[in-house]
Amino acid sequence: MPTIVADATRCVGAGQCVLTDPDAFDQDDDQGLVLILHPTPTSADALSRARQAILLCPSQALSLHE
């Protein structure tokens, strides 16, 4: 099962992931860093949105482990 992973040390808090897939991502209120709400996409549509968010991450802090 694919799992979304974030490297918080690389995150710049740009919010691209949240804008692309707000069902799967959020940002920490204190530091603005990525929070993964649903690390394992359960449908093809959710997986597609997660892949798009990962591709748009400017700091390349997100990855998908399959």
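Everything numeric in this text was worked out from a predicted model, so none of it was measured.
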Which heavy atom in Cys11 sits nearest to a heavy atom in Leu33, and how many Å separate them? O-CD2, 3.6 Å
Between the main-chain N or O of Gln52 and the side-chain N or O of Thr20, is there a donor-acceptor pair closer than 3.5 Å?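 Flag not set: sc Thr20 to bb Gln52 has no pair under 3.5 Å.
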Is Gln16 reaching over with its side chain to a backbone N or O of Pro58, donor-acceptor style, under 3.5 angstrom? no
Walk me through whether Arg49 and Asp23 qualify under side chain to side chain contact (heavy atoms under 4.5 Å, CB included). CA-CA 9 Å; Arg49 287 191 316 269; Asp23 291 333; 4.0 Å; yes
Would you compute the distance between atom [atom1] of [X] and atom [atom2] of [Y] and round it to the nearest 0.5 angstrom?
X	Y	atom1	atom2	answer
Gln60	Ile54	CD	CD1	11.5 Å
Ile36	Thr40	CD1	OG1	10.5 Å
His38	Asp26	NE2	CG	10.0 Å
Leu35	Gln27	CG	CD	8.0 Å
Leu62	Arg10	CG	CZ	9.5 Å

Indicate whether the side chain of Ser63 and that of His65 have a donor and an acceptor atom separated by less than 3.5 Å.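 Present: a donor and an acceptor within the cut-off.
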Go through the side-chain N and O atoms of Asp7 and Thr9 and say whether any donor and acceptor fall under 3.5 Å apart. yes
More than 12 heavy atoms of other groups within 6.0 Å of Asp45 CG: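 Buried by this count: over 12 neighbours within 6.0 Å.
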Should Ile4 and Val18 be counted in the same cluster of Ile, Leu, Val, Met, Phe, Trp and Tyr side chains packed under 4.5 Å apart? yes
Any Leu37 side-chain heavy atom under 4.5 Å of Phe25 side chain: no
Under a 4.5 Å cut-off applied to non-hydrogen side-chain atoms, are Leu64 and Leu47 in contact? yes
